[in-house]
Chemist: 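Handing you a structure now.
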Amino acid sequence: MPELPEVETVRTGLAPTFEGALITAVDQNRADLRFPFPENFVGRLAGRKVTALSRRSKYLLADIDGGDVLVMHLGMSGSFRVQHAAAETLPGNFALDRSKDPKHDHVVFHLQTPDGGAARIIYNDPRRFGFMDLIGRAQLAEHAYFRELGLEPLGNDLSGETLARLFRDRKTPLKAALLNQKLVAGLGNIYVCEALWRTGLSPMRAAGTLVTPTGKPTRKASDLADNIRATLQDAIKAGGSSLRDHTQADGSLGYFQHSFAVYDREGHACRTEGCAGTISRVVQSNRSTFYCSLCQR
DNA sequence: AGTGGGACCTGTCCGC
DNA sequence: TGCGGACAGGTCCCAC
């Protein structure tokens with residue numbers, strides 16, 4: 001569940017349990033996910049407290065007292081679930097949760113919450129494109145994961161002007177430009193398709209065509225910036241998109257997938273007011289692009 | 001320098 | 001029912 005709105009939804013779901021909790025133990029069930037776990041992963045976490053849980057782009061960042069930051073990326077199929085010991089039962093008596101295949105439970109954080117209760121946060125990832133790392137707080141910004149990350153689309157930096165600066169003279173298609181995490185960080189296949197549809201822009205159009213010869217944003221560039229933000233905010237409000245039964249941290253499902261205008265709607269009617277078009281699917285950079293060739297130019 | 005294409009994994013769905 | 005192929009929300013690496 002891994003574009004920005006899904007990661008933000010996960011952060012919101014985990015924070016009440018994770019923040020302030022003491023990590024009493026960690027089960028690390030294999031040596032690697034996408035990458036090997038860092039040296040002494042369990043030892044550097046056990047006995048430590050989580051002081052804050054934040055997000056940058058599609059990364060979750062758990063601040064650990066002592067100076068490490070636990071960096072977590074969900075890849076394509078990563079998810080977390082939270083289990084609390086029922087207050088009225090003995091500590092450690094957790095409700096059974098069969099919603100995931102336990103053979104893909106790769107990491108379990110055993111926690112003691114500030115109120116003295118016990119909880120577990122379990123990371124499940126069938127495809128293992130996700131990863132976890134531990135990085136010193138002071139090294140975080142220069143680390144390879146973050147050094148070249150582009151602007152945060154929900155921050156104040158995303159605007160027609162900043163898009164114009166990033167897109168100027170670029171011949172690359174808008175779809176590829178928006179998927180490039182070095183330009184704007186956090187968009188993925190779904191929300192790029194949706195934001196381009198909202199703006200009436202063809203995914204094939206060259207990014208540089210949104211910039212005037214003097215480097216100013218065109219009207220479309222400003223609209224695109226607004227629509228990227230609006231699309232992400234709408235999705236966060238809906239609890240993200242739940243595809244293929246991916247559940248949120250509390251087991252509930254996001255519902256933004258019901259609001260898709262183009263993603264996974266090949267052959268269906270375009271939802272633009274007054275547009276008679278049909279949604280097409282094409283492949284760009286080896287990924288599916290969904291768009292309406294009538295109203296996206 | 002900047003791009004497209006393949007690779008990394010497992011699961012699921014669809015057509016034969 | 002079984003099997004092969006296509007496809008899936010991401011990103012790194014490597015040829016052009």
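Below, chain A is the first sequence line, B the second, and so on; all start at residue 1.
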Chemist: Write down the distance between CG (A/L179) and P (B/dG2), rounded to a whole number of angstrom.
Modeler: 17 Å
Chemist: Specify the separation, in whole Å, of atom CG of A/N286 and atom C1' of C/dC7.
Modeler: 12 Å
Chemist: How many Å lie between CE on A/M132 and C1' on C/dT11, as a whole number?
Modeler: 17 Å
Chemist: Indicate whether OP1 or OP2 belonging to B/dC9 is found under 4.0 Å from a side-chain N or O atom of A/S77.
Modeler: no
Chemist: Mind calculating the distance between CD1 (A/I190) and C1' (C/dG10) to the nearest angstrom?
Modeler: 12 Å
Chemist: Before we go on, tell me: are the rings of A/Y145 and A/F131 under 6.0 Å apart, centre to centre?
Modeler: yes
Chemist: Scan every strand shown for a Watson-Crick or G-U wobble partner of B/dG11, both distances under 3.5 Å, and answer none if you come up empty.
Modeler: C/dC7
Chemist: Quick check against the 3.5 Å criterion: does A/R147 have a side-chain atom that pairs as donor or acceptor with the backbone of A/E142?
Modeler: yes
Chemist: Just to be sure I understand the rule, does A/R170 reach a base, reach only the sugar-phosphate, or reach nothing, if contact means heavy atoms closer than 4.0 Å?
Modeler: sugar-phosphate
Chemist: Has A/Q181 got a side-chain N or O lying under 4.0 Å from the OP1 or OP2 atom of C/dG10?
Modeler: no
Chemist: What's the closest nucleotide to the side chain of A/R281 if the choices are B/dT10, C/dT11, C/dA8?
Modeler: C/dA8
Chemist: Find the distance between OG (A/S202) and CG (A/L196) and round it off to the nearest 0.5 Å.
Modeler: 8.0 Å
Chemist: When you get a sec, tell me which of B/dC9, C/dG10, B/dG11 is the closest nucleotide to the side chain of A/H104?
Modeler: B/dG11
Chemist: Hey, does the side chain of A/K220 reach the backbone of A/T199 with a donor-acceptor pair shorter than 3.5 angstrom?
Modeler: yes
Chemist: Side chains of A/T289 and A/Q284: is there a donor and an acceptor less than 3.5 Å apart?
Modeler: yes
Chemist: Within this structure, what is the CG-to-P distance between A/N124 and B/dC9, rounded to whole angstrom?
Modeler: 18 Å
Chemist: Is any side-chain nitrogen or oxygen of A/H73 closer than 4.0 Å to OP1 or OP2 of C/dG10?
Modeler: no
Chemist: Check every atom of B/dC9, C/dC7, C/dG10 against the side chain of A/R127 and return the nucleotide holding the closest atom.
Modeler: B/dC9
Chemist: By a 5.5 angstrom centroid cut-off and a 30 degree plane limit, is there stacking between A/F129 and B/dC8?
Modeler: yes
Chemist: If you look at every strand shown and take non-hydrogen atoms under 4.0 Å, does A/K103 touch a base, only sugar-phosphate, or nothing?
Modeler: sugar-phosphate
Chemist: Grab the CG-P distance between A/D264 and C/dA8 for me, whole Å please.
Modeler: 8 Å
Chemist: Quick one: is A/R34 getting a side-chain N or O under 4.0 Å of the B/dC9 phosphate, OP1 or OP2?
Modeler: no
Chemist: Of all the nucleotides listed (B/dG5, B/dG4, C/dG10), which has the minimum atom distance to the side chain of A/A176?
Modeler: B/dG4
Chemist: Which part of the nucleic acid, if any, lies within reach of A/P173 when heavy atoms closer than 4.0 Å are counted: base, sugar-phosphate only, or nothing?
Modeler: sugar-phosphate
Chemist: Measure from the side-chain N and O atoms of A/S242 to the backbone N and O of A/Y255, and report whether any donor-acceptor pair falls under 3.5 Å.
Modeler: no
Chemist: Can you measure A/R128 atom CZ to B/dA7 atom P for me and round it to whole angstrom units?
Modeler: 18 Å
Chemist: If the P atom of B/dA1 is compared with that of C/dT11, how far apart are they to the nearest Å?
Modeler: 24 Å
Chemist: Answer with yes or no whether the side chains of A/T162 and A/S159 bring together a donor and an acceptor at under 3.5 Å.
Modeler: yes
Chemist: Is A/K182 close enough to B/dG2 that one of its side-chain N or O atoms is under 4.0 Å from OP1 or OP2 there?
Modeler: no
Chemist: Side chain of A/R287 only, please: which of C/dG10, B/dG4, B/dC9 is the nearest?
Modeler: C/dG10
Chemist: Work out how far the C1' atom of B/dC8 is from that of C/dC3, and round it to whole angstrom.
Modeler: 24 Å
Chemist: Students often get this wrong, so: under 4.0 angstrom with heavy atoms, is A/Q284 touching a base, only sugar-phosphate, or nothing?
Modeler: nothing
Chemist: Provide, to the nearest angstrom, the distance between the CZ atom belonging to A/F35 and the C1' atom belonging to C/dG10.
Modeler: 10 Å
Chemist: With sugar-phosphate meaning primed atoms plus P, OP1 and OP2, does A/K171 contact a base, only sugar-phosphate, or nothing at under 4.0 Å between heavy atoms?
Modeler: nothing
